[in-house]
Number of protein chains: 4
Amino acid sequence: MKASIIGASGYAGEELIRLLHGHPNVEIAHLTSERHTGERISTLYSHLLNIYNKELESMEDVRRIAEVSDVLFIALPHGHAMKIAKSVSDLPLRIIDLGADYRFADISVYEEWYHVDHIDPDADRAYGLAELYRDQVRSAHIIGNAGCYTTASILALAPLVKARLVQMDSILVDAVSGVSGAGRTPKESTHFPEFYDSFTAYGAVSHRHTPEIEQALSNVGGAAVTINFTPHLAPISRGILATCYAKMNEGVTPEQIDAAFAEMYANEFFIRLLGRGAYPATKCVRGTNFCDIAWHIDPRTQRVIVFSAIDNLVKGAAGQAIQNMNIAFGLDERAGLDLVPMYP
Amino acid sequence: MKASIIGASGYAGEELIRLLHGHPNVEIAHLTSERHTGERISTLYSHLLNIYNKELESMEDVRRIAEVSDVLFIALPHGHAMKIAKSVSDLPLRIIDLGADYRFADISVYEEWYHVDHIDPDADRAYGLAELYRDQVRSAHIIGNAGCYTTASILALAPLVKARLVQMDSILVDAVSGVSGAGRTPKESTHFPEFYDSFTAYGAVSHRHTPEIEQALSNVGGAAVTINFTPHLAPISRGILATCYAKMNEGVTPEQIDAAFAEMYANEFFIRLLGRGAYPATKCVRGTNFCDIAWHIDPRTQRVIVFSAIDNLVKGAAGQAIQNMNIAFGLDERAGLDLVPMYP
Amino acid sequence: MKASIIGASGYAGEELIRLLHGHPNVEIAHLTSERHTGERISTLYSHLLNIYNKELESMEDVRRIAEVSDVLFIALPHGHAMKIAKSVSDLPLRIIDLGADYRFADISVYEEWYHVDHIDPDADRAYGLAELYRDQVRSAHIIGNAGCYTTASILALAPLVKARLVQMDSILVDAVSGVSGAGRTPKESTHFPEFYDSFTAYGAVSHRHTPEIEQALSNVGGAAVTINFTPHLAPISRGILATCYAKMNEGVTPEQIDAAFAEMYANEFFIRLLGRGAYPATKCVRGTNFCDIAWHIDPRTQRVIVFSAIDNLVKGAAGQAIQNMNIAFGLDERAGLDLVPMYP
Amino acid sequence: MKASIIGASGYAGEELIRLLHGHPNVEIAHLTSERHTGERISTLYSHLLNIYNKELESMEDVRRIAEVSDVLFIALPHGHAMKIAKSVSDLPLRIIDLGADYRFADISVYEEWYHVDHIDPDADRAYGLAELYRDQVRSAHIIGNAGCYTTASILALAPLVKARLVQMDSILVDAVSGVSGAGRTPKESTHFPEFYDSFTAYGAVSHRHTPEIEQALSNVGGAAVTINFTPHLAPISRGILATCYAKMNEGVTPEQIDAAFAEMYANEFFIRLLGRGAYPATKCVRGTNFCDIAWHIDPRTQRVIVFSAIDNLVKGAAGQAIQNMNIAFGLDERAGLDLVPMYP
């Protein structure tokens with residue numbers, strides 16, 4: 001199988017290269033970057049020296065690239081993928097978009113939060129969060145890979161919402177990401193001396209992952225959900241920890257909560273249930289596609305608190321994309337992703 | 001004025017030394033440490049070399065120490081301060097306890113959460129959070145210095161609760177601390193390679209700062225408050241960021257929220273209001289007694305989100321203790337605390 | 001092939017598990033730990049949950065373990081491996097010791113620097129640094145895996161010494177390690193708040209890797225070498241950067257220096273020559289078996305400065321052990337080690 | 001006394017503000033920044049909110065600023081200070097340049113290493129390293145504040161060179177700096193995810209602090225010295241650790257080495273001698289003007305190894321500038337600098 005990466009110079013693109021290198025069924029065909037067309041990927045990322053010295057091409061040639069690829073990973077800011085996908089929609093390849101263009105069933109939600117018109121609203125697409133939408137991922141032409149915060153948040157809350165154990169209007173997600181989630185472009189706020197010993201929030205009440213979480217929880221729970229989502233940045237490179245709160249419905253027991261997680265994720269390799277009373281840590285999933293989940297129940301406030309940890313570049317981006325590819329192509333879902341976290 | 005520190009070998013004790021060194025009215029008289037009696041403080045903390053070479057004494061001599069001190073700072077685990085304070089209650093000095101023994105008006109709450117009997121329930125004491133209880137701090141014999149998470153949380157929420165702008169049963173605090181808050185004793189969980197690139201929660205639904213926050217908010221708001229409080233550890237040394245959530249009462253306007261903060265903190269030097277829509281960062285208060293506060297309003301969920309940042313060792317411990325001392329002794333409240341944050 | 005790890009609860013043991021998990025020819029048979037006998041490895045290292053839940057055994061059973069293993073990795077402090085190896089010397093398995101017991105050709109050097117008597121001086125052993133001693137590694141019964149600092153230092157200097165381009169009495173190595181090199185046992189000096197923002201040296205003029213570097217350079221250069229070696233600790237988890245200095249012999253040209261590196265490492269997959277004037281960074285080898293090397297020439301002082309970077313837990317420990325195993329068993333030397341560095 | 005800072009928006013300028021705020025004799029008069037003229041300093045540095053809200057001016061007005069200032073601190077890249085100083089050379093104020101323009105006695109060395117013509121070669125200037133040149137600092141019109149690496153290196157080696165205990169052609173400095181030394185402008189190499197877990201060298205054989213170290217050591221030792229100086233960057237914000245090597249002259253005893261340090265620094269408040277066999281750490285000087293020094297002797301190689309630690313923004317920049325100012329104006333040399341390191 002041949003895979004090409006459109007937008008290979010960002011961290012998600014680079015992580016796709018790392019993971020695909022270890023995939024038994026895939027060969028990397030083409031890499032593109034507009035800013036670095038003509039340069040070698042190993043010049044941009046010297047850790048790739050002698051491993052991948054491939055030249056970066058322009059995505060103006062995307063049709064030529066698509067013609068020789070079985071799968072196209074698109075790792076670009078929103079707005080680009082729909083143009084690319086539409087331009088090669090007649091070709092037989094599968095497309096996995098790591099951006100937001102194909103994540104929303106309701107196009108108007110996308111247009112409202114992203115402030116652009118969607119030019120490919122009728123594409124055959126699936127929301128790329130396999131634990132919830134595996135069947136759709138298997139068959140869709142285009143897979144809108146779930147976002148990083150959203151993956152952690154939805155996986156933490158879906159069992160409770162699906163089993164109707166919590167009040168739908170009581171949900172709140174307070175999440176923390178490593179700085180790699182902000183991309184490779186240097187900014188003052190992520191300049192080392194400014195950030196090595198700091199902690200702060202951003203995007204309160206306005207982050208675009210909010211409607212994406214709401215979409216999935218509403219869909220799973222069968223009722224409209226409106227949430228608060230508050231992202232923070234911690235001085236780590238990789239990792240997301242989501243702390244999720246919901247009021248339990250009256251009479252719900254701790255055992256019902258436990259059962260909801262066990263039932264939903266019994267056969268999910270990438271979900272590791274640490275159980276009631278435990279604490280996931282980002283270091284325990286580093287470099288892997290795992291999502292570690294634990295929960296706590298507060299009898300004083302009738303709230304359940306769910307913690308989930310992922311590596312934002314893996315289960316939150318490149319790993320999830322490969323998991324989706326594996327499903328879409330009928331491969332072993334774990335292929336290339338059967339990794340031990342890098343610790344410490 | 002002579003100050004002595006009972007329990008000088010922990011981070012809070014050491015921070016008292018740093019700040020008192022710059023205080024124009026205070027001289028350090030005695031330092032105690034049970035584990036290190038007879039050693040020099042500069043042996044334990046080599047950064048103090050040539051500045052403080054004082055020998056650490058045992059607190060078995062506390063009466064002798066108290067007799068020559070105007071103020072006693074006690075920086076010990078809970079349970080010790082009440083024994084010490086009781087044993088010198090006949091002496092004219094003031095006592096500032098950085099632990100929990102004197103923080104609770106309702107002794108039964110203390111006994112329930114800390115699992116010990118209180119042996120000094122009738123002491124003349126004040127809760128040491130000057131912005132709310134300045135008058136009591138001025139006159140009390142013993143000051144129960146407010147805790148670190150609690151200081152950040154209470155200062156963030158008090159204006160809203162006092163002005164009755166939020167629903168009392170909707171409050172939730174999600175907070176993050178630097179590792180210095182866990183003390184100086186090495187543990188596997190805070191061993192550098194285990195923690196330098198991780199993020200995790202702890203103490204969910206059970207942390208002892210919960211009832212302390214509830215006590216102050218109930219008192220300020222005039223109605224019993226039960227909250228969720230979830231602490232996390234980030235790979236920074238100093239700093240607490242509290243993210244606080246509450247549902248606004250119907251009809252409350254953003255301007256009313258703004259006004260509540262402005263009114264309550266107009267004359268508070270150590271509270272810096274960044275305003276609506278801003279984001280405090282722990283780096284901006286590092287080494288100082290400031291508490292930076294900002295807030296956001298979500299019209300979709302009718303929630304107000306308040307962020308507050310402090311240095312856990314200063315406004316959350318030693319700095320607040322000195323602020324309380326300044327008030328108790330009629331000094332300029334800023335004495336020794338008029339510092340520029342150390343940045344970067 | 002079956003591999004067992006004696007001393008699986010330290011970082012090197014744990015890294016062996018990570019790397020062997022991805023090795024196409026190896027299955028992990030037994031894991032031992034004296035302190036944690038009877039516990040599951042995934043209890044000690046929760047990142048291994050659902051991947052390796054194996055129970056840790058005692059090394060008192062090492063003979064039974066050795067009988068069913070093709071290779072034994074020993075990751076214990078010096079002094080243990082020689083006892084173990086001697087006790088199973090009649091068995092056909094190969095032994096790879098990650099400690100110092102089998103690193104020295106001259107037993108008296110070992111005994112002088114490690115302050116113990118060697119009980120197995122006549123073992124059939126090789127120094128486990130494949131780039132220099134591949135043939136010996138291929139055939140020896142016991143492989144004394146090269147140390148972490150020593151690997152970085154020797155690989156940086158060997159070409160110059162071998163080609164007689166530098167003065168043998170002018171060599172000096174100034175090296176920096178990540179804290180994982182200090183092991184998993186928590187200490188005050190590696191407690192997070194004590195180390196997250198510090199940099200310091202240790203072991204000056206006395207570190208035990210000194211004679212190991214001298215042994216290899218003397219051997220390669222054909223003349224006794226005495227060096228200075230100064231280790232430092234930086235607040236990173238993994239990685240060693242060695243900065244090596246030597247005076248060039250009169251008349252040596254930059255091109256001769258370049259050629260020495262090119263010739264020696266032309267066919268070495270794990271050595272990546274960045275060239276003259278470049279700078280290796282530890283981040284570019286993270287998680288992999290690469291050793292990145294670059295050099296600079298100072299015409300003012302006639303010194304050549306060589307930089308080399310490795311991951312101390314991989315090329316400096318577990319990866320090198322697997323490389324040695326691959327050679328010893330006639331496997332592809334890259335098996336299980338063909339990895340892309342984890343970046344960022 | 002009124003002080004103005006020309007170039008207040010960099011880290012050195014900002015650190016001057018922090019330290020001058022605590023200085024009993026100084027008031028800050030004017031701050032300039034070309035890039036941010038008209039903005040408030042507290043907008044650029046939000047940690048200054050409510051403390052310094054002063055507006056940044058253009059240095060085009062430097063004459064007007066100089067007329068009302070007693071001292072001008074210039075914290076700009078090399079080449080600017082000489083223009084400014086020359087333009088106000090008729091005014092009675094003192095000038096302290098934190099850049100390189102006035103550091104060199106031999107102007108041709110400056111011109112060779114900095115690639116610019118010097119336009120003010122005859123200025124009445126002193127090299128601003130008070131421990132060596134206090135008398136000159138006291139009287140000179142312009143003080144060329146010593147560089148950061150150079151301060152750590154010279155203070156470590158001067159006693160040995162002065163006492164003629166080491167071979168002048170054997171000196172080598174291997175040094176490590178925190179990232180604040182690279183300034184506030186964001187770059188890919190100092191972007192948090194690129195640097196939080198890395199260690200690398202730069203500027204080998206070419207760093208401009210090389211001739212500055214050579215100048216002072218040659219001057220103190222009475223013979224021309226040529227050294228190797230190799231800087232590195234560690235993932236810390238503040239701090240420099242210099243590891244300095246030299247061959248001892250024949251017959252030199254450890255006691256002579258000890259005595260050389262003791263004699264030279266007996267009365268220097270800011271130099272703390274940890275003694276033979278100790279290890280300075282950057283964390284022990286954080287935020288202060290101290291230079292901590294220790295040394296080791298290797299009888300095997302006849303080398304002495306000296307470690308010195310400073311805070312690059314304090315003793316390496318702003319603190320040293322204030323120390324020089326105190327001397328120049330006849331104030332207590334410790335005024336504003338009698339601080340306890342911020343730890344942890």
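Numbered from 1 within each chain, the chains take letters A, B, ... in sequence-line order.
- Interface remark: Leu19(C) contributes no atoms to any contact with chain A (heavy atom separation under 4.5 Å).
- Looking at Arg286(A), its side chain never comes within 3.5 Å of a backbone N or O of His47(C) through a donor-acceptor pair.
- Donor-acceptor pairing under 3.5 Å is recorded for the side chains of His21(A) and Asp338(C).
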- Any chance you could lay out the side chain to side chain contact (heavy atoms under 4.5 Å, CB included) test for Val314(A) and Met342(C), step after step, and finish with the verdict? CA-CA 11 Å; Val314(A) 189; Met342(C) 204 173 90; over 6 Å; no
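- Between Tyr196(C) and Tyr196(A), the ring-plane angle classifies as parallel under the 30° and 60° cut-offs.
- Looking at Ser237(A), only its side chain comes within 4.5 Å of chain C, counting heavy atoms on both sides.
- Each of Pro280(C), Pro344(C), Cys284(C) has some count of heavy-atom pairs under 4.5 Å with chain A, and the biggest count is that of Pro344(C).
- A perpendicular orientation is assigned to the rings of Tyr45(A) and Tyr343(C), their planes being inclined by more than 60° (bins at 30° and 60°).
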- Message: With side chain to side chain contact (heavy atoms under 4.5 Å, CB included) as the criterion, how do Glu15(C) and Val340(A) come out once you've worked through the C-alpha distance, each side chain's angles and the decisive distance to 0.1 Å?
- Response: CA-CA 9 Å; Glu15(C) 186 74 355; Val340(A) 171; over 6 Å; no
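- Most heavy-atom pairs under 4.5 Å with chain C, from the set Ala278(A), Ser46(A), Ala281(A), Gly22(A): that is Ser46(A).
- In this structure, chain C has heavy atoms under 4.5 Å from both the backbone and the side chain of Leu49(A).
- For Arg238(C), the part lying under 4.5 angstrom from a heavy atom of chain A is the side chain only.
- The most heavy-atom pairs under 4.5 Å with chain A, out of Val285(C), Asn50(C), Leu313(C), come from Asn50(C).
- Of the atoms belonging to Leu48(C), heavy atoms from both backbone and side chain fall under 4.5 Å from chain A.
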